[in-house]
2 protein chains.
Amino acid sequence: MHSDSVLIYFVLMKKNNHACDLKSCFLCSRCLPEWLPAIGANKKNIHFKKGELIFEEGEAVGGIYFLFKGKIKVHKRWGNDKQLILHFAKEGDMIGYRGLGNERVYPVTASAMEEVIVCFIDTPFFEATLQVNHQLTYSLMQFYANELQKAEQRMRNLAHMDVKGRVAETILMLKANFGQNKEGFINIALTKQDMASYAGTTYETFFRMLNELTEDGIVKVSGKSIGVLKVAALEKLIANL
Amino acid sequence: MHSDSVLIYFVLMKKNNHACDLKSCFLCSRCLPEWLPAIGANKKNIHFKKGELIFEEGEAVGGIYFLFKGKIKVHKRWGNDKQLILHFAKEGDMIGYRGLGNERVYPVTASAMEEVIVCFIDTPFFEATLQVNHQLTYSLMQFYANELQKAEQRMRNLAHMDVKGRVAETILMLKANFGQNKEGFINIALTKQDMASYAGTTYETFFRMLNELTEDGIVKVSGKSIGVLKVAALEKLIANL
DNA sequence: CAAAAAACATGATTTAAATCATACTTTTGC
DNA sequence: GCAAAAGTATGATTTAAATCATGTTTTTTG
């Protein structure tokens, strides 16, 4: 073994220890303790720079990812300049699970919104893990059931809710997912284009709606930060009536 | 035991035998053979008339249904006169599986489109079944993964595809799901309002789009029957470019 | 079987939201 | 550190699709 290889080996060790404690993620927390060493031996930590793709729509599925550091957006493209953002993933989230159906091709693109470290498990090992850990399979089934409910709720919103309602919903989702700091601003810095792409509208329309909400004293905006002032008013906008 | 009860008992027996052979449905075909008698003892056959609700959005989840006869539409309401149809279920389909997430409330309404017979399994027994039949749990997980992919695909279509494309998609979905008869018409009679509600548009717009497709010789319409003349032309309309 | 209720068919009108156009400001990469 | 690129900000214009209005035909049901 070259001294180079040894060096690389220790660097990876350090990263692994830093990134994954084999306890907290969706996978490790639901596995039989006896199986954890197998996971430790099979996981790979991978680093991505801002803007890099973790995987792309149409690409063959390699495995499943667990996000340890950074934020990732998961989106579907349309044409060559439109997209619908399905999810903003944060530390602890699972990524790539949409590729586990019959079609072994990713139906979405995942791109790093900042420096990202993921823990990667390839499909053959993940499937073996599911065969052995029944409680994990059951949890994953429940997880999918919940995601399906959310997706169909959003389908209906895209079909019938007006843009202002979807903007309100986007803001409330961000608040619920990322929390807010002491100044009352949501803890995530997104471009307005990305927020618009989540709401299923254009940048311009999103901007105008945000202006209206600001004028009505429902939200406050400062650069990339958005703060909710009147939750009830936002909830009223998304009310199904 | 009253003679009335005896009568009812035999009627139910007969119905059961007619409706369910404990072999072909999603549930029975994936269970351990040893478990089938338990299913036989716990399933209930229920009859619905046209227009009756199998369950309704917001109602507490009772269990899961397997459709043996008839057709059911699964939809989400908006306001009090709009809806988005998520699925047209036919013989063999599973219904009510959306209620299996954390929220134990149906997120959708299921209504009988004609005379319907379903086989009902209550949640406690279904969960026991999942705990015992790991392969079934795994299959169900895969099933959900596929449904999620389809839902997110449609989400993107509702956000970015034009109505004509969604009409084309609706027609191709119906053809793929229900097949066509010798005359080349799709084997399902739906109101245009229902087709429009699936495509996420209004009756009037759906009607106009269908007219355009007819004028261009892409489809043929005769009463409630629609026939596809040029598949490629429909596929081109839904092409993502 | 007749009356009421759905569903069908189409033209005219309105409207929400996308697109286009243009200028300024902040990031980012070489 | 500066040029290019990405993001922000807004007004003006267009357009796709919803809504409204009205008459007809088909289905359901008491």
Side-chain angles (χ1 to χ4, degrees), chain A residues 49-52 73 78-85 111-115 156-170 188-215 219-226 237, chain B residues 49-52 73 78-85 111-115 156-170 188-215 219-226 237:
Chain A
K49 282 181 293 202
K50 181 173 180 172
E52 280 190 305
K73 66 174 172 180
W78 176 259
N80 60 315
D81 59 344
K82 284 182 184 174
Q83 53 166 36
L84 178 73
I85 295 181
S111 51
M113 300 173 68
E114 46 189 74
E115 288 285 302
R156 193 206 53 190
N157 293 350
L158 285 165
H160 294 307
M161 190 185 272
D162 61 20
V163 175
K164 200 166 183 177
R166 299 204 307 267
V167 168
E169 180 134 288
T170 300
I188 188 173
L190 292 174
T191 66
K192 307 234 186 314
Q193 177 60 68
D194 275 354
M195 292 189 251
S197 294
Y198 185 91
T201 185
T202 59
Y203 163 79
E204 292 96 319
T205 301
F206 186 90
F207 176 81
R208 286 178 235 279
M209 295 302 165
L210 207 55
N211 268 355
E212 289 183 28
L213 293 176
T214 308
E215 279 157 25
V219 304
K220 56 180 175 179
V221 179
S222 164
K224 286 202 198 310
S225 299
I226 294 183
L237 285 171
Chain B
K49 283 181 294 204
K50 180 172 180 173
E52 280 190 304
K73 66 174 170 179
W78 177 257
N80 60 314
D81 60 343
K82 284 183 184 172
Q83 55 167 36
L84 179 73
I85 295 181
S111 51
M113 300 173 70
E114 47 189 72
E115 288 286 302
R156 193 206 53 189
N157 293 350
L158 286 165
H160 294 306
M161 189 185 273
D162 61 20
V163 175
K164 199 165 184 179
R166 299 205 304 269
V167 168
E169 180 133 289
T170 300
I188 188 173
L190 292 174
T191 66
K192 306 234 186 316
Q193 177 61 68
D194 274 353
M195 292 190 250
S197 294
Y198 185 91
T201 185
T202 58
Y203 162 77
E204 291 95 321
T205 301
F206 186 90
F207 174 81
R208 286 178 235 280
M209 295 303 166
L210 206 56
N211 268 354
E212 290 183 27
L213 292 176
T214 308
E215 279 158 26
V219 303
K220 55 180 176 178
V221 179
S222 163
K224 286 204 198 307
S225 300
I226 294 182
L237 284 172

Is any side-chain N or O of [X] closer than 4.0 Å to OP1 or OP2 of [N]?
{"X": "B:Thr201", "N": "D:dA18", "value": "yes"}
{"X": "B:Lys82", "N": "D:dT19", "value": "yes"}
{"X": "A:Lys224", "N": "D:dT8", "value": "yes"}
{"X": "A:Lys50", "N": "D:dA6", "value": "no"}
{"X": "B:Asn211", "N": "C:dA9", "value": "no"}

>> So for the helix from C:dC1-D:dG30 to C:dC30-D:dG1, with five pairs setting each end axis, what is the inter-axis angle to 10°?
In response: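 End-to-end axis angle: 60°.
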
> Between B:Leu190 and A:Thr205, who's closer to the 5' end of DNA chain C by nearest nucleotide?
Replying inline: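 Upstream on the strand: B:Leu190.
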
> Where the side chain of B:Met209 is concerned, which of C:dT10, D:dA18, D:dA17 is the nearest nucleotide?
Replying inline: D:dA17

> What residues in residues 157-166 of chain B put a non-hydrogen atom under 4.0 Å from any atom of DNA chain D?
Replying inline: B:Asp162, B:Val163

>> Between B:Lys164 and B:Glu212 (salt bridge meaning N to carboxylate O under 4.0 Å), is one present in this structure?
In response: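 Here B:Lys164 pairs with B:Glu212 in a salt bridge, since their nearest N and O are under 4.0 Å apart.
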
> When you check the side-chain N and O atoms of A:Thr202 and A:Thr205, is any donor under 3.5 Å from an acceptor?
Replying inline: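 Yes - a donor-acceptor pair under 3.5 Å links their side chains.
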
>> So, under a plain 3.5 Å distance rule, would you say the side chain of A:Arg208 forms a donor-acceptor pair with the base of D:dT8?
In response: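 Absent.
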
>> Is it the case that the base of C:dC20 and the side chain of A:Glu204 share a donor-acceptor contact (distance under 3.5 Å, atom types as modelled)?
In response: yes

